[in-house]
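Here the structure comes first, spelled out in structure tokens, and everything after it is commentary.
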Amino acid sequence: MRRVEHVMGFPVSLRIDDEGFEGSAVDDLFAWLREVDARFSPFREDSEVSRLDRGESDPGRLSPELTEVLDLCERYRTATGGAFDVRLPGRRLDPCAVVKGWSVQKGADLLRAAGARRFCLNAGGDVVAAGGPWRVGVRHPEHADRLCTLVDLTDGAVATSARYERGDHIIDGRTGRPATGLLALTVTAPTLTLADTVATAAYALGAEGIEWAAARPGCEVFAVTADRRVVRTAGFPSAESGQVAA
Amino acid sequence: MKRALPVLVLTVAGLIPVWRYTPSAPEPAVAEPAPAPSVSTSPGSTTRVVAGPTVDTEKGPVRVEVTLDGDRISAVRMLQQPDHPQTTAAVPVLIEETLEAQSADVDTVSGATVTSDGYRESLQAALDAQGS
């Protein structure tokens, strides 16, 4: 079965190959993503994130989920020396970069718990897959309809941070200016929580983010620098036909 | 798992001065002095294969072999590693390539649909339409 829905500001497409898979788990997945949007979007005035940002909630009595998200944000702020920061001066609290991967991974866990064995979940370009092989193309940073590499994914996640659509939307918290050292950076990891956060944090770090991400346990990296060089880790799971001569 | 990374990097860094990755805060955990590395050189070329000593980490024994092409690392191989999926990721060897455009049969696309506007023109939209 396949389903595409528009949630959290981007399209979420799901494909499940298990014969006769019960549809209610799919409904639960999309309901969870809508709940996440309502509770954690900084663009909704009544969300938990907006209320915290306006000082209307007691920081010591946040929901367990928001506490988990903010703890993750803080861990990556420290790990990147402040390059990744969801509390930038003069801007609203914006944990979107962590919320996206974290919530979509939890959604994938719902499917798995309901018995799904072979599925592929793509949320705005970030992917969780199970029971592969799945062939995941990585969008070319300069051509929307072309790929720059192919990933062979069995069970795991792929996330890409890039400049192409929303422009310079990732800020380097150390300078307060848009991160411009990379055109795109893709991370594969066992979970999307890890892949998405590492990809965004590495992108904020710029060119030095490539080695930083490569050293994160469980992560493999494919990056295109601002001067159009491709740098990848030796263990990046390139699909056979996607390999380019070095 | 955090500790295994500096140990591995330190081991290799001790063997190869041109190692490109330097840990910010290595925590040496090698119990005894490392034996001399074994080096084999194929005649008439600058390719050398260097095997490091076996190092005990908290995840188990680790031994790394590095192939040098001149003073460039062309390959790193784990000769011995603990049965732990994250061990290989602890040695970040970066490879440089040129940016090439590809089109191929894929199941899904990463990075294609950051926004809804972008989705409409994306390869992912075509894939989703095809499968419905």
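We name chains A, B, ... by the order of the sequence lines, and we start the count at 1 in each one. Both backbone and side-chain heavy atoms feed into the values below; hydrogens, waters and symmetry mates do not.
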Would Arg135(A) and Asp105(B) pass as an ion pair if we require N to O under 4.0 Å?
no

Quick one: closest heavy-atom pair of Leu99(B) and Cys148(A), and the distance?
CD1-CB, 3.8 Å

So, do Leu94(B) and Arg232(A) sit near enough that their side-chain heavy atoms are less than 4.5 Å apart?
no

Closest non-hydrogen atoms of Ser110(B) and Ala159(A), given as atom of the first, atom of the second and distance, are OG-C, 3.9 Å

Measuring only between side-chain heavy atoms, which start at C-beta, is Leu123(B) closer than 4.5 Å to Arg139(A)?
no

Side chain, backbone, both or neither: which part of Val127(A) has a heavy atom under 4.5 Å from chain B?
side chain

Below 4.5 Å, heavy atoms only, C-beta onward: do Leu147(A) and Val109(B) meet side chain to side chain?
yes

Engaged part of Val158(A) at the chain B interface, taking heavy atoms whose separation is under 4.5 Å:
both

What part of Ala184(A) lies closer than 4.5 angstrom to a heavy atom of chain B: side chain, backbone, both or neither?
neither

Once rounded to the nearest 0.5 Å, what's the spacing between atom CD of Glu97(B) and atom CZ of Arg229(A)?
12.0 Å

Starting at OG of Ser122(B), measure out to CG of Asp145(A) and round the result to the nearest 0.5 Å.
9.5 Å

Would you say that more than 12 heavy atoms from the other residues, nucleotides or ligands in this model lie under 6.0 Å from the CZ of Arg91(A), or not?
no

If you compare all heavy atoms of Ser13(A) against all heavy atoms of Gln124(B), which two are closest, and at what distance to 0.1 Å?
OG-NE2, 3.3 Å

Check: Asn122(A) main-chain N/O paired with Thr108(B) side-chain donor or acceptor under 3.5 Å
no

Atom of Pro133(A), atom of Asp107(B) and distance for their closest heavy-atom approach
O-OD2, 4.4 Å

dist His143(A):NE2 -> Gln102(B):CD (nearest 0.5 Å) comes out at 12.0 Å

With a 4.5 angstrom heavy-atom cut-off, could you sort out which part of Val136(A) is near chain B: side chain, backbone, both or neither?
both

Atom group of Arg3(A) that falls short of 4.5 Å from chain B, counting heavy atoms:
neither

